[in-house]
Structure formats: C-alpha cells, structure tokens
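The block underneath contains the structure these notes are about, expressed in structure tokens.
Residue numbers start from 1 in every chain, and the chains themselves are labelled A, B, ... in the order their sequence lines are given, proteins ahead of strands. Worth knowing before you read on, the calculation uses all heavy atoms, side chains too, and leaves out hydrogens, waters and symmetry mates.
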Protein chains: 2
Amino acid sequence: MKFADFSRNVMITAENICRDIFLENRDSIKIKKEKVVVKNLVNIFNATLRLSNEKGFHAMSLRDLCQETGLSMGALYSYFSSKDDLLETIQEQGRRLAVKVLTEYIEKAGNPEEKLEAAVKSHLYLSEIMQDWFFFSYMETRYLDKEEHKKAIAGELYTEQLFIDILEQGKAQKKFKVDNAALTAAVIKAMLQDWYLKRWKYSRRVVSVEEYAEFLIGFIRSYIIPD
Amino acid sequence: MKFADFSRNVMITAENICRDIFLENRDSIKIKKEKVVVKNLVNIFNATLRLSNEKGFHAMSLRDLCQETGLSMGALYSYFSSKDDLLETIQEQGRRLAVKVLTEYIEKAGNPEEKLEAAVKSHLYLSEIMQDWFFFSYMETRYLDKEEHKKAIAGELYTEQLFIDILEQGKAQKKFKVDNAALTAAVIKAMLQDWYLKRWKYSRRVVSVEEYAEFLIGFIRSYIIPD
DNA sequence: GTCTATAGTGCGATAGAC
DNA sequence: GTCTATCGCACTATAGAC
C-alpha cells in the first residue's frame with residue numbers, strides 16, 4: 001500500500017471532518033447554514049491546532065484564536081459552548097476517525113502478515129495526513145476532564161488491542177513467534193506515535209512516511225518471524 | 001545490570017539534585033542557608049512535578065503551588081525569579097543528569113554489545129528513578145522559550161547520537177548488521193521514552209523496569225544481530 | 001526567612017446592538 | 001450571523017510588615 005493510494009482512498013479533508021462535526025452537533029451549534037458553519041469550523045479548528053501545537057492549548061487564549069481566525073469573540077462562541085468544549089470536540093472526532101480507518105484497513109487484509117502491514121501503514125499514513133490532530137490529541141489528553149480522559153485512554157488501548165489481536169492470530173497460525181504480545185504491541189504503538197510526536201526530527205532528516213513504514217515493518221518482522 | 005545495583009550506585013535523590021541546584025544558583029536564590037534552601041527546593045520541585053504532571057505546568061497556578069508546598073507566594077519567589085525560571089531550572093537539571101549518567105555507563109562497558117545493553121538499561125533505570133522529571137521534561141518542552149527549547153532538542157539529539165555511535169561501532173566490528181543507524185536509534189529512543197510516557201499502562205500490566213529492559217534488548221538484538 | 005496585602009494585567013464568558 | 005463592550009474573576013509578581 002502506497003501513501004498516495006491511501007490518501008486518495010480515505011478522502012480525509014478538513015471540510016469532510018467539519019461537516020461530520022456539524023451534523024453531529026446541530027443542537028449545540030447556534031448557526032444553522034451548513035455552508036457557513038463548515039467554512040468557519042475549518043477555520044477555527046485549523047487555527048486552534050496551529051496555535052495549540054506551538055505553545056499548548058492552555059497557553060492559547062481565545063483572543064489569540066480571534067486574531068488567527070479573523071472572527072470575533074461572540075462569533076467563536078456560536079460554534080462551541082466553552083474552551084473545553086472545543087478541546088473535547090477535536091479530540092473526539094480525531095479518535096473516531098482513527099478507529100474507523102484502522103479497523104477498515106485491517107479487516108480488508110487477509111492473513112496476519114498482511115494485517116500487520118495494513119495496520120502499521122494505515123496508522124502511519126493517517127497520522128501523516130492528520131499530523132496536527134494526532135499531535136494535539138496526544139499532548140492535550142491530560143487537560144481533558146476525568147470522563148473524557150477515560151475515553152482517550154480507552155482509545156489508546158483499543159488501537160493497541162488491534163495489534164495484539166493480529167499478533168495472537170499470527171501466533172495461532174504458527175506464522176509469528178510472539179512471547180509477549182502485549183509488550184510487543186506496546187512498543188509498536190510507541191514507534192508509530194513517534195512519527196507524529198517528533199516530526200521535526202524526521203523532516204530534518206528527510207525521511208518519508210513510506211520509508212519509515214518499510215523500516216518499521218522490517219524491524220517488527222525480524223523479531224516476530226524467525227528465520 | 002540489575003535495577004537495584006544501578007539505583008544504589010547512582011545515588012540520585014531529590015536532596016542531592018537540589019543541593020546541586022543550590023550550588024549553581026547561589027546568586028539568584030535569595031536565601032543563603034543551605035539546609036533551608038535544600039529542604040524547600042525539594043518541597044517545591046516535588047510539588048511542581050506532582051501538580052504539573054497531572055494537569056500541565058501552565059494549568060498549575062502559583063496559588064496551587066503555595067497550597068501544595070505550604071509556602072506563601074513571597075517565600076516561593078525567594079527561590080525562583082519567575083514561573084518560567086522554575087520550569088527552566090527543572091528541565092536543565094534533568095537534562096544535565098541524564099547526559100552525565102548515560103555517558104558514564106556507556107563508557108564503562110567494553111564492546112558494542114555491552115554498550116548497547118548499558119545504554120538501554122541506564123536510560124530506562126534512570127527514567128524509572130526520575131520518572132516525574134523525565135515526563136515533565138518531555139511534556140513541557142514546548143513551553144520553553146526559543147533558546148531553552150533549542151537546548152532541549154539538542155539534548156534529545158545528543159542521547160540519540162550515543163545510540164547511533166554504538167550501532168556504527170558494532171557495524172564496524174562486524175558484530176551488528178545495521179542498514180540505517182539513525183532510524184534504528186530513533187525508534188530505540190521512542191521505545192525508551194514510552195516507558196515514562198505511558199507509566200499508567202505498564203503499571204496496570206505489572207511490567208517491571210527490568211522486564212521491559214530485557215524485552216527491549218531482545219527486540220533490538222533480533223534486528224541488528226543476524227543469526 | 002516568611003508572611004499578607006495588593007497592584008496590574010489578561011482571562012473566559014455573555015448581553016445586546018446591528 | 002457577527003460584532004463590540006463589559007463583567008467578574010484568577011493570574012503573576014512585588015512591596016513592605018514582621
């Protein structure tokens with residue numbers, strides 16, 4: 001699977017994500033014209049991610065956000081009910097999309113070896129397209145209130161479980177040699193997350209997402225597939 | 001190398017770290033009695049790490065810190081000149097210690113295989129002892145001003161370089177098979193950092209730092225040492 | 001060496017005009 | 001649907017009493 005193909009197939013754009021958010025939050029969003037809402041939501045979310053990922057969500061004031069979006073304080077509050085609400089909406093939507101895409105691509109693959117490759121690549125490719133969302137979700141998780149924080153933890157464990165399942169399945173089919181599937185999945189997750197947590201490093205070294213994917217798959221396979 | 005031995009040898013305690021901080025900042029710290037300063041610094045740093053690691057350094061107000069330490073606003077400001085100064089001091093001291101300990105343990109080891117093991121274990125063991133400091137440093141790096149931020153990046157690259165050097169040395173001695181030392185070192189760092197970034201996960205699963213260390217070393221060796 | 005009191009700033013949120 | 005004006009509050013930092 002090439003990044004370009006993935007990118008074309010998933011059809012993830014800011015507009016599409018914001019349209020989903022609009023449809024799911026019709027009640028709490030005060031403005032009713034879809035076209036207006038989607039346009040402003042794209043603007044607001046992009047600005048939030050840009051500002052937050054530079055200096056943190058808490059350090060970003062709503063006045064900063066006004067300047068970055070060109071909207072007034074009053075206008076902003078037509079689209080979310082509080083600053084925390086904005087934080088939660090971004091996190092929730094990112095999580096939902098990640099689960100959907102990962103599950104879909106893993107199911108499409110046939111055997112454990114293909115599933116592993118599909119899981120690694122779709123995780124990396126998705127985080128490449130939505131780098132800002134993923135970085136934001138990781139770094140701002142602890143600012144969520146207790147209930148939302150639990151959902152974030154559950155999300156991490158859910159995607160990790162997808163990897164555990166693939167490893168166990170491969171083991172059952174005698175294709176993989178896995179002593180500790182949970183630990184193996186944990187470090188795989190860590191390496192996948194490093195791709196969006198340390199963008200500055202990989203950009204500087206001019207490593208493409210496909211190179212990183214191939215490297216990771218080779219690294220993992222050398223451990224779970226005995227010669 | 002066992003964790004207990006490492007822990008006994010490095011002799012890292014909050015008191016020792018705070019004594020160093022006192023000696024290096026005699027000018028800016030208004031109080032002069034070493035005993036008083038060290039006692040209060042231990043209190044302040046522990047409280048800062050506890051509060052910050054829960055909800056973030058920015059979200060922690062100095063009033064929170066007063067309550068947690070039992071000190072007044074005025075007293076706090078005798079030990080640092082601004083909230084940012086507190087942030088920088090913690091980061092700087094953590095970085096300094098990490099570099100010192102890692103370098104020391106790697107140099108003690110003889111051949112590349114031993115060096116790799118020493119590097120992985122001393123990194124993990126140190127982050128186990130100083131988990132709060134490491135977590136804090138990672139999560140709060142972006143709140144540093146430009147100059148301090150550069151130092152943090154340099155620190156990450158420096159410790160990574162230690163791994164690159166070991167890998168290259170092993171390759172030169174025909175003991176390791178390494179195609180891409182930089183990428184290999186990058187993912188090793190990612191896995192090492194996961195230990196303190198996801199403490200909740202490893203605690204929940206009752207994985208000890210020694211288990212994690214052995215697992216990681218096995219994982220890495222299977223890639224770089226062909227059968 | 002530590003305290004209390006307070007200055008001065010900037011925050012999130014809202015009401016009501018247009 | 002968007003704006004401006006403003007409220008009340010919490011923040012960092014400091015000055016001066018003890």
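Within a heavy-atom distance below 4.0 Å of DNA chain D, the residues of residues 56-76 of chain B found are B/Met60, B/Ser61, B/Leu62, B/Arg63, B/Met73.
You'll find the ring centres of B/Tyr105 and B/Phe6 inside the 6.0 Å limit. Ring pair A/Tyr196/A/Phe135: centre-to-centre distance not below 6.0 Å.
Neither OP1 nor OP2 of D/dA15 sits under 4.0 Å from any side-chain N or O of B/Tyr77. Within the 4.0 Å cut-off from OP1 or OP2 of C/dG1, not a single side-chain nitrogen or oxygen of B/Tyr79 is found. The phosphate of C/dT2 (OP1 or OP2) has a side-chain N or O of B/Asn40 nearer than 4.0 angstrom.
Between A/Lys83 and A/Glu140 there is no salt bridge, since no side-chain nitrogen of the basic residue lies less than 4.0 Å from a carboxylate oxygen of the acidic one.
Whole-Å rounding puts the A/Leu86 CG to C/dC11 C1' distance at 16 Å. Distance A/Lys35 NZ to D/dG1 C1': 15 Å, rounded to the nearest Å. Residue A/Phe80 contributes atom CZ, which lies 17 Å from atom P of D/dG1 at whole-angstrom precision. In this entry the distance linking CD1 of A/Ile29 with P of D/dG1 reads 12 Å, nearest Å. Put simply, NZ on B/Lys83 is 8 Å from P on D/dA13, counting in whole angstrom units.
Other residues, nucleotides and ligands contribute over 12 non-hydrogen atoms within 6.0 Å of the NZ atom of B/Lys108.
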Could you go step by step and tell me if B/Phe57 and B/Tyr143 meet the ring-ring contact (aromatic ring centres under 6.0 Å, His included) rule?
CA-CA 9 Å; B/Phe57 183 75; B/Tyr143 295 113; 7.6 Å; no
Please evaluate residues B/Phe215 and A/Val187 with respect to the criterion side-chain contact (heavy atoms from CB on, under 4.5 Å), reporting the C-alpha separation (whole Å), side-chain torsions for both, the decisive distance (0.1 Å), and the verdict.
CA-CA 10 Å; B/Phe215 176 82; A/Val187 297; 3.9 Å; yes
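Comparing B/Asp84 and A/Lys30 by the nucleotide of DNA chain D whose heavy atom lies nearest to each, the residue mapping closer to the 5' end is A/Lys30.
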